[in-house]
2 protein chains.
Amino acid sequence: MAETDDTGFQAAGRDDLTSRARIRNAALHQFAVKGFAGTPLRTIATEAGVAIGLIGHYFGSKEGTREAVESWIVGLFASALDRADSQSADTVADVTVRDETVAQMLAGNPLVVDYLRRQVLELPTDGMLISRLASLTMESVEAMRNAGQASSSRDRVEQVVTAMVRQLGRLFLQPLVDQVIDSFPEEEQPAIHPELRVEIKTAQ
Amino acid sequence: MAETDDTGFQAAGRDDLTSRARIRNAALHQFAVKGFAGTPLRTIATEAGVAIGLIGHYFGSKEGTREAVESWIVGLFASALDRADSQSADTVADVTVRDETVAQMLAGNPLVVDYLRRQVLELPTDGMLISRLASLTMESVEAMRNAGQASSSRDRVEQVVTAMVRQLGRLFLQPLVDQVIDSFPEEEQPAIHPELRVEIKTAQ
DNA sequence: CAAACGATTGAACAATCTTTCAATAGCTTA
DNA sequence: TAAGCTATTGAAAGATTGTTCAATCGTTTG
């Protein structure tokens, strides 16, 4: 693996990407849309424009391909948080800046949202991804506490949960709204889709 | 098909169920936990304690098995709404009673919640289930409008969306909260899981 | 009793899937 | 140029899947 990998964030023509990156992108796309079990490796190979054998060559197995996709996603979150800190005037960015930066990253990678939404359902057997993102968020919370930008009296775990629900809750639930609305004939559908609001009411 | 089918709601010993019902229950269980594509028919047969061939005999195909599961779920919602009406003093139950009755039904059938949550994510390709439940909810909304128990000035579709989000939103999002909390060592986890609140903010 | 019928089984089949691997092409380095 | 990499291919193997079907069992019906 002598070649560098793209982050998918900087603009890059489809044909400029390495085979490895194209495979990873195709896997993310298929897993997000059809699910892990519902995606044959052949489909990934076709979408990436490579031969089947190349997937095994780079990622070892189908499970290894999933791992690569998830590590890439974790990297996306990590770099978004780093960006928030570096763009902030303070040493550490506050909640608003962090949320906004993550939201922008997710808006630019809708497939990541689709993938994550699925992961939350798939049983904790192999669902390490959410746990990895939780760790990342915990680091973020710690940094904010140390900088006095987050309450130090509230429970840490609770702060992590709140942050993740704030970032992901609305995005996860949107398909419910969309599917319900789309199930009605077009002339009955409201022009503007109702806006979802998801909150956590901290236990008393 | 001379035999009657259970509703799964009244208590019934596992061994009292017909093969048909046991297959349907096993299918619901596996689809909810592993997903449709991730569930081999052999697994369903084993859990139901029958031979593979019997599934085809009763449901024709794997797709037919899914259909049977979904029809059973639709029936569960329909009978819950009927029950709400019959228990109400008025001719038509009000929103609170309906929501409460549906909530009780879902609490008694957690696998149904898991199954539905998956349906919302799995692409609308074949996902007729949400659409069927939306129709059911629309009938419910119409009944309430006619009885003067629901505003007649607001948009019908919007009322349906609101009702379904109210009934399902929190349940769908709970796994996110649980997975995040469970990803921390047990001694750090808060005693009481934070309470989720999901609302719809009607478009202005 | 005999015939008929639904319930049930498990093997067989064809299709599809993942993984493996030998072979080729292309590029770098000594 | 020769040798040694890595990238890439596509066929083959081996496992798994959904579906089909002939055969058996048990009960009901004539």
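Residue numbers begin at 1 in each chain, while the letters A, B, ... track the order of the sequences. Remember, it's a predicted structure, so these values are computed and weren't measured experimentally.
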J.: When you get a sec, tell me which of D/dT17, C/dT8, D/dT8 is the closest nucleotide to the side chain of A/Leu54?
T.: D/dT8
J.: Start with the C-alpha distance between A/Met144 and A/Gln159, add both sets of side-chain angles, then the distance that settles side chain to side chain contact (heavy atoms under 4.5 Å, CB included), and finish with yes or no.
T.: CA-CA 11 Å; A/Met144 287 191 287; A/Gln159 285 175 320; over 6 Å; no
J.: It should be established whether A/Ser19 places a side-chain nitrogen or oxygen under 4.0 Å from OP1 or OP2 of nucleotide D/dT8.
T.: yes
J.: A/Arg117 and A/Phe172: which non-hydrogen atoms are nearest, and at how many Å?
T.: NE-O, 3.1 Å
J.: Which pair of heavy atoms, one from B/Leu136 and one from B/Ala78, lies closest together, and at what distance?
T.: CD2-N, 3.6 Å
J.: For the residue pair B/Arg66 and B/Phe36, would you count it as a cation-pi contact if the rule is NZ or CZ under 6.0 angstrom from the ring centre and within 45 degrees of the ring axis?
T.: yes
J.: Between B/Arg156 and B/Glu142, is there a salt bridge with N-O shorter than 4.0 Å?
T.: yes
J.: Roughly, in whole Å, what's the span from CZ in A/Arg20 to P in D/dT8?
T.: 12 Å
J.: List in chain and number order the residues that pass side-chain contact (heavy atoms from CB on, under 4.5 Å) with A/Pro110, two or more places apart in sequence or in another chain; answer none if no residue qualifies.
T.: none
J.: Check whether any side-chain N or O of A/Tyr58 sits under 4.0 Å from OP1 or OP2 of D/dT8, and answer yes or no.
T.: yes
J.: Give A/Thr39 one of three labels, base, sugar-phosphate or nothing, depending on what nucleic acid heavy atoms sit under 4.0 Å from its own.
T.: sugar-phosphate
J.: Find the distance B/Arg22:CZ to C/dA7:P and express it as a whole number of Å.
T.: 13 Å
J.: Kindly indicate, with the supporting measurements, whether the criterion side chain to side chain donor-acceptor pair (under 3.5 Å) is fulfilled by B/Glu158 and B/Thr162.
T.: CA-CA 6 Å; B/Glu158 186 192 301; B/Thr162 303; 4.9 Å; no
J.: Without decimals, in angstroms, what is the distance between B/Ile23 CD1 and C/dA7 P?
T.: 11 Å
J.: When the distance from NZ of B/Lys62 to C1' of D/dT17 is rounded to whole Å, what number comes out?
T.: 8 Å
J.: Rounded to whole angstroms, how far apart are CD1 on B/Ile55 and C1' on D/dG18?
T.: 10 Å
J.: A/Phe59 CZ to C/dT20 P: how many Å, rounded?
T.: 16 Å
J.: Among residues 41-53 of chain A, which contact DNA chain D at a heavy-atom distance under 4.0 Å?
T.: A/Val50, A/Ala51, A/Gly53
J.: What is the distance, rounded to the nearest whole Å, between atom NE2 of A/His57 and atom C1' of C/dA23?
T.: 14 Å
